[in-house]
Amino acid sequence: MSRPAPTAPGLAIAAVVLAAVLFGTSGTARELGPDSASSLSVGAARITIGSIVLWSVVVANRRREPLPSSASVRSQRWLLAIGGLGVAVYTPLFFVAVDRAGVAIGTVVAIASGPFFAAGLDRIFRRVHPTAAWLRGTVVTVVGAGVLIVSVDSTKGPVDPGVDLVGVAAALAAGFGYATYSVSSKATMERGLASTIALAIPFTIGVVVVLALSVGESASWLSTWAGLAMALYLGVVATGLAYVLFGYGLRRLTSATAVTLVLAEPLTAALLAVAVLDESIPVTGWLGVVAVMSGLALVGRSASAARRRLDQASG
């Protein structure tokens, strides 16, 4: 079984947080793109281009990390397939959640459930038990992200008091899908696959499913310069590069820690909306910002402490 290199976790944490920052630029890029593009067609273009970027990195890096043998891939085919289903579940159901439950509720439920699903899956399938320090940091981060998203969303108009249960269920499924992808990819990394390959194979499976779901969607927006620029940015930077960084960090951190650190995404999205789209953050939203940053710091410290204990035990 392949073990992560005994690297100080600071670089891994920084890689995942930077990936989350890139994820967080997606909303602003989408807002600046053509209005005629549907969410599902944008999502399909994004992950298709992102998959091409991941495979390009795999090929370019093949001397340092040789391609796995077909036997190695076949031995892990069920884990890779499960990860692919996780991608296929997350992408379309997140759109369903936002459309039915609203941006605030859909986003909060999806991102808040992800770390806890990841911790549960880690415990069940990999016998990795989350620490109390991780739990404290994650709760603070999730609460802060929830406060931030809801407060920003409330400035855009009246909030529908009804809760769409189908939308909430879709958001929970989306969070579970992302956690499944992360945990299964972590497991294949521990079994010897390079991080980029461990992400690229299931990602490609997800692409096939999402493309099938988006067959009836118009892609005419891709023929415009604004649409093409948006698709390339979302696919190359906010997906391909972001997942390369996420994979680097995931290889060296627990799945639950990595998924929690991705909660820097809504923080980035909110700050970019203020800087670029002239939106505003109310006082409660800034309290959420402080909570997210504090929670991420706690999670980072817990990961550093865990690495020190592991190094002492192996030393």
Side-chain angles (χ1 to χ4, degrees), residues 13-14 16-28 30-31 90 93-95 97-98 101-120 130 133-156 159 163 167-168 170-179 181-182 238 242 245-246 249-250 253-277 279-303:
I13 293 168
V16 175
V17 171
L18 181 54
V21 169
L22 295 180
F23 292 149
T25 64
S26 301
T28 299
R30 175 70 181 87
E31 286 295 321
Y90 170 75
L93 287 187
F94 181 76
F95 293 142
V98 170
V103 174
I105 293 177
T107 304
V108 168
V109 173
I111 67 169
S113 62
F116 298 105
F117 280 134
W134 170 85
L135 181 60
R136 287 193 296 270
T138 298
V139 169
V140 171
T141 306
V142 165
V143 170
V147 169
L148 173 60
I149 292 169
V150 171
S151 62
V152 169
D153 191 67
S154 67
T155 65
K156 301 177 182 178
V159 179
V163 176
V168 172
L172 286 170
F176 182 77
Y178 191 78
Y181 173 56
S182 300
L245 292 167
F246 179 74
L250 180 62
L253 302 168
T254 66
S255 308
T257 296
V259 175
T260 299
L261 292 173
V262 171
L263 290 175
E265 176 183 353
L267 173 60
T268 302
L271 295 178
L272 268 180
V274 171
V276 179
L277 303 178
E279 295 184 6
S280 60
I281 298 179
V283 174
T284 52
W286 287 111
L287 293 176
V289 169
V290 173
V292 169
M293 295 178 68
S294 301
L296 292 176
L298 290 172
V299 171
R301 288 175 59 186
S302 73

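Atoms considered below: every heavy atom in the structure, side chains included; atoms not considered: hydrogens, waters and symmetry mates.
- Nearest heavy-atom pair, Ala242 versus Phe23, reported as atom, atom and distance to 0.1 Å: CB-CE2, 3.3 Å.
- Distance CG/Leu298 to OG1/Thr260: 11.5 Å, rounded to 0.5 Å.
- Ser302 places a side-chain N or O within donor-acceptor distance of the main-chain N or O of Val299, the cut-off being under 3.5 Å.
- Taking 4.5 Å as the limit, some side-chain heavy atom of Leu172 sits within range of a side-chain heavy atom of Val109.
- Between the OG1 atom in Thr268 and the CG atom in Leu22 there is a gap of 8.5 Å [rounded to 0.5 Å].
- By the 4.5 Å heavy-atom criterion applied to side chains, Val147 and Val292 are not counted as neighbours.
- Minimum interatomic distance between Gly175 and Ser113 (heavy atoms only, all atoms of both residues): CA-OG, 3.6 Å.
- In this structure the side chain of Ile149 reaches within 4.5 angstrom of the side chain of Ile111, judged on heavy atoms.
- Between atom CZ of residue Phe117 and atom OG of residue Ser182 there is a gap of 13.0 Å, rounded to the nearest 0.5 Å.
- Considering all non-hydrogen atoms of both residues, Gly285 and Ser151 come closest at CA-OG, 3.0 Å.
- For the atom pair Arg30 CZ and Thr25 OG1, the distance stands at 14.0 Å (nearest 0.5 Å).
- Here CG of Leu296 is found 10.0 Å from CD1 of Ile13. Values are rounded to the nearest 0.5 Å.
- Closest approach of Leu272 and Gly24 over heavy atoms only: CD1-O, 4.2 Å.
- The distance from atom OG1 of Thr141 to atom CG of Leu267, rounded to the nearest 0.5 Å, is 10.0 Å.
- Shortest non-hydrogen contact noted between Leu250 and Thr254 is CD1-O, 4.5 Å.
- Relative orientation of the Tyr178 and Tyr90 rings is tilted, given thresholds of 30° and 60° on the angle between their planes.
- Around CZ of Phe116, the count of heavy atoms belonging to other residues, nucleotides or ligands within 6.0 Å exceeds 12.
- Considering all non-hydrogen atoms of both residues, Ala291 and Val140 come closest at O-CG1, 3.3 Å.
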